[in-house]
2 protein chains.
Amino acid sequence: MGITKTIGFSETIIEMADILKVLGHPARLSIMEYLAKSPSCICNDLVEELPLAQPTISRHLSELKRVGLIQGEISGKNICYCIHPKKWTEVLLHFEMITTSLVDKKQC
Amino acid sequence: MGITKTIGFSETIIEMADILKVLGHPARLSIMEYLAKSPSCICNDLVEELPLAQPTISRHLSELKRVGLIQGEISGKNICYCIHPKKWTEVLLHFEMITTSLVDKKQC
DNA sequence: TTCCCATATTGCAATATTACAATATGTTTT
DNA sequence: AAAACATATTGTAATATTGCAATATGGGAA
């Protein structure tokens, strides 16, 4: 059906899955890594950096924005995008939480 | 087009994005958390645990298996699924790598 | 104002994903 | 062998995602 069933899952799981799905695309993951590394965060760089057309990049940026992973601020003619550290930390902590349960568990 | 462009992205990014995309579904994320927590890892539990039909769960399991996040071993009538710790660690390390770049960076 | 420049939005067309019923497969029990 | 159980596969319908051309928007420069 293409539609993802959400009834029966916790809010936390649904939100985290949504974030991971957004991260699960080469362009969007690249954008996150680029934003994490680069000192500036002007969007125009991305058009040159990524092998995708400008409208496509714009769409990916808006998805990242939708789930709160990045935030954009208008700065004159450009838009300054950067990672939202709080949201990013949430994701990292969730991963570390799963890892913790995993550690003290005997494998099959 | 529905097809994800991969030309121009590194192998690492493509693989990591693929893994995250697979994790980015409530059922599959729940399966990972369930496997991380539960002492046993019989698949049949999942059919009772998740609000989805058996064939659907089976498909999700095979996606998780495809990207190497879990491994299954036939154990008589049942199949023993468990998390592949090495793959999981790879994902965690990738997240921590991004976080590291993020830390020593001034925000907009 | 008019012309650029950076970015967003819209409107497709192609492909991918999701869910489940029905069915198949393989194993254990009787 | 037959029945029962656990899981996988197939087929199908509905919906989501992706990419880009064309276009819109909105700011700064001339």
Side-chain angles (χ1 to χ4, degrees), chain A residues 1-9 13-14 17-31 34-35 40-67 70-82 108, chain B residues 1-9 13-14 17-31 34-35 40-67 70-82 108:
Chain A
M1 302 174 172
I3 194 164
T4 296
K5 234 180 158 183
T6 51
I7 315 168
F9 295 104
I13 286 279
I14 293 170
D18 194 21
I19 292 175
L20 291 176
K21 185 174 169 188
V22 168
L23 280 175
H25 185 288
R28 291 189 295 252
L29 189 55
S30 296
I31 290 173
Y34 186 78
L35 285 182
S40 73
C41 34
I42 306 306
C43 169
N44 189 240
D45 297 355
L46 293 171
V47 178
E48 287 153 23
E49 202 71 20
L50 302 177
L52 291 168
Q54 178 269 323
T56 308
I57 295 172
S58 182
R59 270 211 167 184
H60 287 311
L61 282 166
S62 87
E63 272 299 283
L64 287 166
K65 207 171 161 187
R66 178 181 66 78
V67 298
I70 65 175
Q71 48 195 163
E73 225 178 302
I74 299 168
S75 158
K77 199 160 52 172
N78 301 305
I79 290 188
C80 169
Y81 274 115
C82 63
C108 320
Chain B
M1 304 174 170
I3 195 164
T4 295
K5 234 182 158 182
T6 51
I7 315 167
F9 295 105
I13 285 279
I14 292 169
D18 195 22
I19 293 174
L20 292 176
K21 186 176 169 185
V22 168
L23 281 175
H25 185 288
R28 293 191 293 254
L29 190 56
S30 296
I31 290 172
Y34 187 78
L35 286 182
S40 73
C41 35
I42 307 307
C43 168
N44 189 242
D45 298 355
L46 292 171
V47 178
E48 286 154 23
E49 201 71 19
L50 301 177
L52 292 167
Q54 180 268 323
T56 308
I57 293 172
S58 182
R59 272 213 164 183
H60 286 311
L61 282 167
S62 86
E63 272 298 282
L64 287 166
K65 207 170 160 187
R66 179 181 66 78
V67 297
I70 65 175
Q71 49 197 160
E73 224 179 302
I74 298 169
S75 159
K77 199 161 53 174
N78 302 305
I79 290 187
C80 170
Y81 274 114
C82 64
C108 324

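Because the structure is a prediction, the values reported are computed rather than measured. Letters A, B, ... mirror the listed sequences (proteins, then strands); counts begin at 1.
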Between B:His60 and C:dA19, does any side-chain N or O lie under 4.0 Å from OP1 or OP2?
yes

All pairs passing salt bridge (charged side-chain N to carboxylate O under 4.0 Å, His left out) where residues 48-64 of chain B contributes a residue, at least two apart:
B:Glu63-B:Arg66

What one-letter contact string describes nucleotides 1-8 of chain C from 5' to 3', where B marks a base within less than 4.0 Å of any protein heavy atom, S marks contact via sugar-phosphate atoms alone, and - marks no contact?
----BSBB

Contacts to DNA chain C from residues 20-31 of chain B, heavy-atom cutoff under 4.0 Å, which residues?
B:Lys21, B:His25, B:Arg28

Supply the atom-to-atom distance [X] [atom1] to [Y] [atom2], rounded to the nearest 0.5 angstrom.
X       : Y       : atom1 : atom2 : answer
B:Ser58 : B:Leu46 : OG    : CG    : 10.5 Å
A:Leu50 : A:Tyr34 : CG    : OH    : 9.0 Å
B:Leu20 : A:Ile19 : CG    : CD1   : 12.0 Å

Find the distance A:Leu52:CG to D:dA21:P and express it as a whole number of Å.
12 Å

In this structure, how many angstroms lie between the P atom of C:dA19 and the CD1 atom of A:Ile7, rounded?
11 Å

Identify, between B:Thr4 and A:Lys5, the residue whose nearest nucleotide on DNA chain C lies closer to the 5' end.
B:Thr4

Closest to the 5' end of DNA chain D, once A:Glu63 and A:Ile74 are matched to their nearest nucleotides, is A:Glu63

With A:Lys65 via side-chain contact (heavy atoms from CB on, under 4.5 Å) - residues at least two apart
A:Ile70, A:Tyr81

Considering non-hydrogen atoms only, spot the tightest contact between B:Pro51 and A:Gly8 and give its length.
CG-CA, 4.0 Å

Validation: residues 22-30 of chain B side-chain donor-acceptor distances under 3.5 Å, sequence neighbours left out:
from	atom 1	to	atom 2	distance (Å)
B:His25	ND1	B:Ala27	N	3.0
B:Arg28	NE	B:Val22	O	2.5
B:Arg28	NH1	B:His60	ND1	3.0
B:Ser30	OG	B:Pro26	O	2.8

Evaluate A:Asp18 against A:Ile14 for side-chain contact (heavy atoms from CB on, under 4.5 Å), listing each step before the verdict.
CA-CA 6 Å; A:Asp18 194 21; A:Ile14 293 170; 5.6 Å; no

